[in-house]
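For reference, the structure discussed in these notes is given below.
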Amino acid sequence: MDYFDMLTEQRIDSRTADVVDQLMEQHLPGLQPCAVPLETVLEQLGTRYAFTRLPDTSIHYARTALSVIEAHFPEDASYLHHDWDRRLEGAMELVHVLHLALFCAEIQDTGAGQGLYERQKAQYEQRTAGLGQSWKPMPIRVCAETRTGYCLVTGSDRLKDEITCLRGVTQEDIDHRTPALIAYLRAKYDA
């Protein structure tokens, strides 16, 4: 065994690895599959948060389409133009061809959403303490495609964790200790 092989076989020690090990040890033995379709999760979010659906002409809609196509339909993505604007236009043309079920919404700063924005402000103030910078809210958005399960949350780590917990995990995630399982355990138990 050469030096490189020896290094790659060693476990990289870090706080993250230790947390994951601890969560696996504590919660994996009794964990049951609890996967919920993303479409159902988004409906549940609609009962908790007031949100504004973004129009299918928004840049967020186009970027979500492109992200989904690049991740889940690479053969189609390879035909898209290299120029960014034309690439987005091409992705939008493929939305109907590929039967993508896109969802893009912005959480409003009212009701339960207000707590998300207050947390965002507190985190900003903590990161910029002493710099004299004033906080401007970053819109909290959920951009998803329900057929593939693609989901991107921006502006709120708490909402991202909430969605991860609502989505749950499959038996395959549990059996193969997938990144989805690790994300679920961290979101649910490592708050």
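Computation of the quantities below employed the complete heavy-atom set of this structure, encompassing side-chain atoms and omitting hydrogens, waters and symmetry-equivalent molecules.
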**OP:** For residues P33 and V169, determine if any side-chain heavy atom of one lies less than 4.5 Å from a side-chain heavy atom of the other.
**Re:** no

Original post:
Is it true that L166 and I182 fall in one hydrophobic cluster, defined by side-chain heavy atoms closer than 4.5 Å?
Top reply: no

**OP:** Just do the side-chain contact (heavy atoms from CB on, under 4.5 Å) check on M92 and L88 with the steps written out, would you?
**Re:** CA-CA 6 Å; M92 289 303 296; L88 287 174; 5.7 Å; no

Original post:
Cluster question for you: counting only ILVMFWY and a side-chain heavy-atom cut-off of under 4.5 Å, with indirect links fine, are V41 and L116 together?
Top reply: yes

Original post:
Is there a chain of hydrophobic side chains (I, L, V, M, F, W, Y, each step under 4.5 Å between heavy atoms) that links W135 to L131?
Top reply: no

**OP:** Can you see which heavy atom on C104 is nearest to which on T64, and at what distance?
**Re:** SG-OG1, 3.6 Å

**OP:** With the side chain counted from C-beta on, respond yes when M24 and V20 share a heavy-atom pair under 4.5 Å apart, and no when they do not.
**Re:** yes

Subject >> ring pair (Phe, Tyr, Trp, His ring centres under 6.0 Å): pairs with one or both residues in residues 79-107, sequence neighbours excluded >> reply: F51-F103

**OP:** Might you confirm whether atom CZ of R86 has over 12 heavy atoms from other residues, nucleotides or ligands at distances under 6.0 Å?
**Re:** no

Original post:
Say you draw a straight line from CE of M138 to OG1 of T154; how long is it, rounded to the nearest 0.5 Å?
Top reply: 4.5 Å

**OP:** Provide the closest heavy-atom pair for A65 versus L102 in the form atom of the first, atom of the second, distance.
**Re:** CB-CD1, 3.8 Å

**OP:** Would you mind reporting whether L94 and L80 have side-chain heavy atoms less than 4.5 Å apart?
**Re:** yes

Original post:
Is there a side-chain contact (heavy atoms from CB on, under 4.5 Å) between C151 and I163 once you walk through the steps?
Top reply: CA-CA 9 Å; C151 186; I163 290 172; 4.1 Å; yes

Subject >> Sequence neighbours excluded - salt bridge (Lys or Arg N to Asp or Glu O under 4.0 Å) pairs with any residue from residues 96-105 >> reply: none

**OP:** Write down the atom of Y184, the atom of L31, and the distance for their closest heavy-atom approach.
**Re:** CE2-CD1, 3.9 Å

Subject >> Residues which pass salt bridge (charged side-chain N to carboxylate O under 4.0 Å, His left out) with R141, listed by chain and number, not counting sequence neighbours >> reply: E106

**OP:** Could you pull out the closest heavy-atom pair between P137 and Y117, with the gap in Å?
**Re:** CB-CD2, 4.0 Å

Subject >> T164 side, atom OG1; L159 side, atom CG - distance, nearest 0.5 Å >> reply: 9.0 Å

Subject >> Pairs involving residues 61-85, ordered by first then second residue, that meet salt bridge (Lys or Arg N to Asp or Glu O under 4.0 Å) (sequence neighbours left out) >> reply: E70-R87

**OP:** Look at the side-chain heavy atoms of Ile, Leu, Val, Met, Phe, Trp and Tyr, link any pair under 4.5 Å apart, and say whether V142 and L54 land in one connected group.
**Re:** no

**OP:** May I ask you to test the I140-Y49 pair for a side-chain heavy-atom distance under 4.5 Å?
**Re:** no

Subject >> Test log, rule side-chain contact (heavy atoms from CB on, under 4.5 Å), inputs R167 and V36 >> reply: CA-CA 5 Å; R167 288 181 78 174; V36 175; 5.6 Å; no

**OP:** Report yes if the side chains of T146 and P37 come closer than 4.5 Å at any heavy-atom pair, otherwise no.
**Re:** no

**OP:** For T148, enumerate each residue passing the side chain to side chain donor-acceptor pair (under 3.5 Å) test, keeping only those at least two apart in sequence or located in another chain.
**Re:** E145

Original post:
If you look only at pairs with a residue in residues 18-42, which of them pass as a ring pair (Phe, Tyr, Trp, His ring centres under 6.0 Å), with sequence neighbours excluded?
Top reply: H27-Y189

Original post:
Can you list every salt bridge (Lys or Arg N to Asp or Glu O under 4.0 Å) pair that touches residues 147-163, not counting sequence neighbours?
Top reply: R48-E162, R119-D157

Original post:
Can you list the residues that meet the side chain to side chain donor-acceptor pair (under 3.5 Å) rule with E118, with sequence neighbours excluded?
Top reply: none

**OP:** Output all residues satisfying side chain to side chain donor-acceptor pair (under 3.5 Å) with T52, sequence neighbours left out; order by chain, then residue number.
**Re:** Q108

Original post:
Should we count CD of E25 as having more than 12 external heavy atoms under 6.0 Å?
Top reply: no

Original post:
Is the number of heavy atoms from other residues, nucleotides or ligands within 6.0 Å of CD (E39) greater than 12?
Top reply: no

**OP:** Would you list the pairs meeting ring pair (Phe, Tyr, Trp, His ring centres under 6.0 Å) in which at least one residue belongs to residues 54-74, sequence neighbours left out?
**Re:** none

Listed pairs under 3.5 Å, donor-acceptor, residues 171-179 side chains, sequence neighbours left out:
residue: Q171; atom: NE2; partner: D175; partner atom: OD1; Å: 2.8
residue: D173; atom: OD1; partner: T178; partner atom: OG1; Å: 2.8
residue: D173; atom: OD2; partner: T170; partner atom: N; Å: 3.0
residue: D173; atom: OD2; partner: T170; partner atom: OG1; Å: 3.1
residue: T178; atom: OG1; partner: A180; partner atom: N; Å: 3.4
residue: T178; atom: OG1; partner: L181; partner atom: N; Å: 3.3

Subject >> Q22 side chain reached by D18 side chain, heavy atoms, under 4.5 Å >> reply: no

**OP:** Kindly indicate whether the side chain of L100, heavy atoms from C-beta on, has any atom under 4.5 Å from the side chain of I69.
**Re:** yes

**OP:** Could you name each residue pair satisfying ring pair (Phe, Tyr, Trp, His ring centres under 6.0 Å) that touches residues 145-167, not counting sequence neighbours?
**Re:** none

